[in-house]
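The structure displayed is predicted, hence computed values, not measured ones.
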Amino acid sequence: MKNRSIYIICGIAVVVILAIFLLNMPDNRSGPERVGDAVTALPNGVDKAGDQLKDRNPVEKAGDAIEKKVD
């Protein structure tokens, strides 16, 4: 029983570390890529287009991609 709980705790720690890493990754898009994303998002509203110009982490970008697929 003790070994199993240690494995569970280690697994949770690995998941937390990966989540922190993903949320803190830098946005590597260049200026023209950001502007292109903003122009693409313009039909959804000026606020959404403005959000594309900011630094965004991969989780936010993945959420946008999922949102596009749903629409």
Side-chain angles (χ1 to χ4, degrees):
M1 184 68 177
K2 288 184 181 183
N3 286 339
R4 186 174 182 194
S5 62
I6 289 173
Y7 290 133
I8 291 172
I9 291 171
C10 288
I12 291 171
V14 168
V15 169
V16 168
I17 290 169
L18 287 174
I20 290 171
F21 177 73
L22 280 175
L23 291 173
N24 289 318
M25 283 181 67
D27 189 1
N28 293 329
R29 295 181 298 162
S30 66
E33 288 175 325
R34 290 178 192 218
V35 172
D37 291 343
V39 169
T40 303
L42 198 55
N44 297 329
V46 177
D47 292 337
K48 293 213 181 223
D51 289 342
Q52 295 296 323
L53 296 173
K54 298 178 188 173
D55 282 343
R56 306 181 71 230
N57 62 40
V59 175
E60 292 172 329
K61 290 187 268 185
D64 287 347
I66 292 170
E67 208 173 282
K68 279 183 187 176
K69 294 292 181 182
V70 171
D71 291 340

Sequence neighbours excluded, which residues qualify as side-chain contact (heavy atoms from CB on, under 4.5 Å) partners of I20?
V16, N24

Hydrophobic cluster mates of Y7, side-chain heavy atoms under 4.5 angstrom, ILVMFWY only, any path?
none

I'd like to check the side-chain contact (heavy atoms from CB on, under 4.5 Å) partners of I8; sequence neighbours left out, ordered by chain and number.
R4, I12

